[in-house]
Amino acid sequence: MTAAREDDPERTSPALRLRDLLRTILPHNAFYAAKFAGLPLDDPSRLPFTTKAELLADQAAHPPYGSNLTYPRGRYSRLHQTSGTSGRPLRWLDTPESWSWMLDGWDRMFALMGLRADDRLFFPFSFGPFLGFWTAFEAAARRGFFCLPGGGMSGGARLRFLLDNEVTVVFCTPTYALHLGEAARAEGIDLAASPVRALVVAGEPGGGIAPTRQRIETAWGARVFDHSGLTEVGPMAVECVANPMGLHVLEDSFLVEVIDPATAAPLPVGEVGEMVVTNLGRLGSPLIRYRTGDMVRVDPRPCPCGSPYPRLDGGILGRGDDMIHLRGNNVYPSAIESLLRRFPEVAEYRIEIDRRAALSALRVEVEATSAGADEGLLTRLDQAFRDEFLFRAEVRLVPPGTLPRFEMKAKRINHREHREHREGIKEGE
């Protein structure tokens with residue numbers, strides 16, 4: 001992504017770093033040994049991409065964990081899996097060495113966010129089998145931060161726990177940060193007066209959506225830091241203190257390319273394209289030239305924070321496979337969220353895309369913050385959709401408390417397809 005610097009031996013050329021990785025994992029890793037058989041390994045650009053569909057097929061053919069294992073199974077100590085909201089979950093194993101490598105990445109991200117030795121960190125959710133903030137929690141504990149898990153509690157109990165223990169940094173999804181803000185208002189708690197000074201959000205695009213971010217920061221009186229990572233890739237990017245609304249990629253641990261999602265051709269720095277990732281230290285289950293589906297733009301300007309790591313301007317801009325095609329228009333779900341979050345009366349929402357008729361329809365259920373919302377809100381939302389997206393959405397109000405709240409990744413989009421008239425063929429974007 002950036003040119004190597006001669007004065008920094010850690011930042012060697014992508015070709016050399018990838019060659020070192022391949023020497024380590026081949027021929028022991030059956031998945032990549034078969035995938036790269038007969039190919040020249042000295043030119044990264046000539047190696048084929050890896051896709052999630054390919055990994056899922058490999059795990060189906062070699063259950064339960066697939067053949068992307070560099071070592072005998074007895075070397076592995078951790079199992080995590082993707083949420084599976086749009087299909088079968090992808091399982092991922094890690095050795096103690098790979099796990100430690102991911103914790104090392106968090107050490108660098110803690111520094112970029114300006115975390116202090118006296119910070120008190122709160123993780124207000126139940127830890128499940130997906131990677132989530134597992135690595136953040138263990139990395140913080142290893143560095144000696146005061147760490148508080150928050151599983152098995154109601155929202156109100158978590159808020160009281162947070163206040164009693166003078167928490168300063170909260171790790172959660174953007175959706176759950178908003179939910180705790182609602183719960184605080186309902187219980188008469190002034191979160192803005194609490195010791196919380198920062199929220200680290202991930203799992204959804206909310207941290208990079210300006211109206212959502214502003215709503216969180218207003219409710220908490222605290223700074224939002226966006227973070228990005230995938231269960232199969234690992235934690236890889238975070239926002240710095242000096243330059244909000246962007247993500248620094250840990251380029252000493254990851255090789256990142258930006259390609260045209262349609263042609264797979266490399267794109268110049270500054271153009272929007274799909275992010276392709278190679279993780280350099282997760283040797284037990286590596287990923288080489290992995291097509292993430294995430295759309296990004298590398299900022300060509302140096303960051304005022306002084307970090308040499310490349311920066312993704314605006315963070316993750318959307319996912320190519322999440323784009324909604326409706327009546328000749330293309331729109332990302334994050335753009336719809338950005339519109340809805342600009343209306344302070346909107347507490348939560350749910351989207352349905354109905355393709356069963358000749359003309360597809362977009363239906364939006366909107367939960368208002370109070371029972372006093374009226375047709376005036378519907379009229380303004382209808383006009384906002386027309387002005388911004390050049391199509392009409394069928395918007396209807398639902399009573400407060402109707403729509404679900406989520407601790408982890410929110411499931412706000414349902415698809416109704418013509419085939420078999422089944423609902424929810426693809427859910428949870």
Side-chain angles (χ1 to χ4, degrees), residues 1 50 52 55 78-85 89-94 98-113 115 121 123 125 127-140 142 169-177 199-208 224-240 246-257 274-296 307 309-312 314-319 322 334 408-410:
M1 184 185 292
T50 305
K52 187 172 184 178
L55 295 169
R78 308 292 294 238
L79 164 68
H80 293 89
Q81 66 182 38
T82 60
S83 58
T85 52
L90 185 64
R91 300 183 179 93
W92 218 254
L93 297 182
D94 281 296
S98 291
W99 190 256
S100 180
W101 174 79
M102 289 193 287
L103 303 193
D104 291 343
W106 270 109
D107 289 345
R108 298 193 290 284
M109 289 191 286
F110 291 151
L112 282 166
M113 291 184 290
L115 265 59
L121 280 49
F123 298 78
F125 46 81
F127 286 92
F130 44 93
L131 199 65
F133 284 115
W134 266 110
T135 48
F137 183 89
E138 294 203 8
R142 188 181 70 170
V169 181
V170 177
F171 289 72
C172 63
T173 64
T175 293
Y176 200 61
L199 295 99
V200 183
V201 299
E204 302 166 352
V224 165
F225 288 90
D226 200 10
H227 159 65
S228 179
L230 297 170
T231 292
E232 63 271 37
V233 170
M236 64 172 292
V238 79
E239 186 177 304
C240 68
L247 295 169
H248 282 291
V249 178
L250 302 181
E251 198 184 25
D252 47 7
S253 298
F254 298 88
L255 302 181
V256 173
E257 306 166 65
E274 180 184 354
M275 181 168 61
V276 175
V277 176
T278 298
N279 49 9
L280 296 169
R282 205 173 181 184
L283 304 179
S285 299
L287 277 179
I288 299 171
R289 304 200 78 198
Y290 182 59
R291 293 190 64 161
T292 64
D294 291 332
M295 304 300 290
V296 299
S307 171
Y309 293 136
R311 180 176 177 275
L312 306 179
I316 306 302
L317 304 177
R319 288 187 54 82
D322 282 352
S334 57
M408 301 306 288
K409 183 177 179 181

Please examine the side chains of Leu90 and Thr231, heavy atoms only from C-beta on, and report whether any two atoms are closer than 4.5 Å.
-> no

For Val296 and Gly315, which heavy atoms make the closest approach, and how far apart are they?
-> CG1-O, 4.1 Å

Which residues share a salt bridge (charged side-chain N to carboxylate O under 4.0 Å, His left out) with Glu239, sequence neighbours left out | Arg213, Arg223

Any donor-acceptor pair under 3.5 Å from Thr135 side chain to Leu103 backbone | no

Less than 4.5 Å apart, any side-chain heavy atom of Leu115 and any of Leu121?
-> yes

Evaluate the ring planes of Phe123 and Phe127, with Trp represented by its six-membered ring, and classify them as parallel (under 30°), tilted (30 to 60°) or perpendicular (over 60°).
-> tilted

List the atom of Arg108, the atom of Ser253, and the distance in Å for their closest heavy-atom pair.
-> NH2-OG, 2.5 Å

Of all heavy-atom pairs linking Leu287 and Leu55, the shortest is CD2-CD1, 3.7 Å

Value rounded to 0.5 Å, distance of OH in Tyr309 from CG in Asp252 = 3.5 Å

Do side-chain atoms of Thr173 reach the backbone of Gly203 as a donor and acceptor pair under 3.5 angstrom?
-> no

Ser100 to Arg142 - nearest heavy-atom pair and separation = OG-NH1, 3.5 Å

From the list His80, Arg282, Arg78, side-chain hydrogen bond (donor to acceptor under 3.5 Å, both in side chains) with Asp94 holds only for Arg282

Provide the closest heavy-atom pair for Trp106 versus Phe171 in the form atom of the first, atom of the second, distance.
-> CZ3-CE2, 4.2 Å

Closest heavy-atom pair, Phe254 versus Asn279, reported as atoms and distance to 0.1 Å, is CE2-CB, 3.6 Å

Of the options Met236, Glu257, Met295, Arg291, which is the one that meets Met275 in a side-chain contact (heavy atoms from CB on, under 4.5 Å)?
-> Met236

Within-4.5 Å side-chain heavy-atom neighbours: Leu230 and Tyr290 | yes

Is a side-chain donor or acceptor of Trp134 paired with a backbone partner of Pro129 at a separation under 3.5 angstrom?
-> no

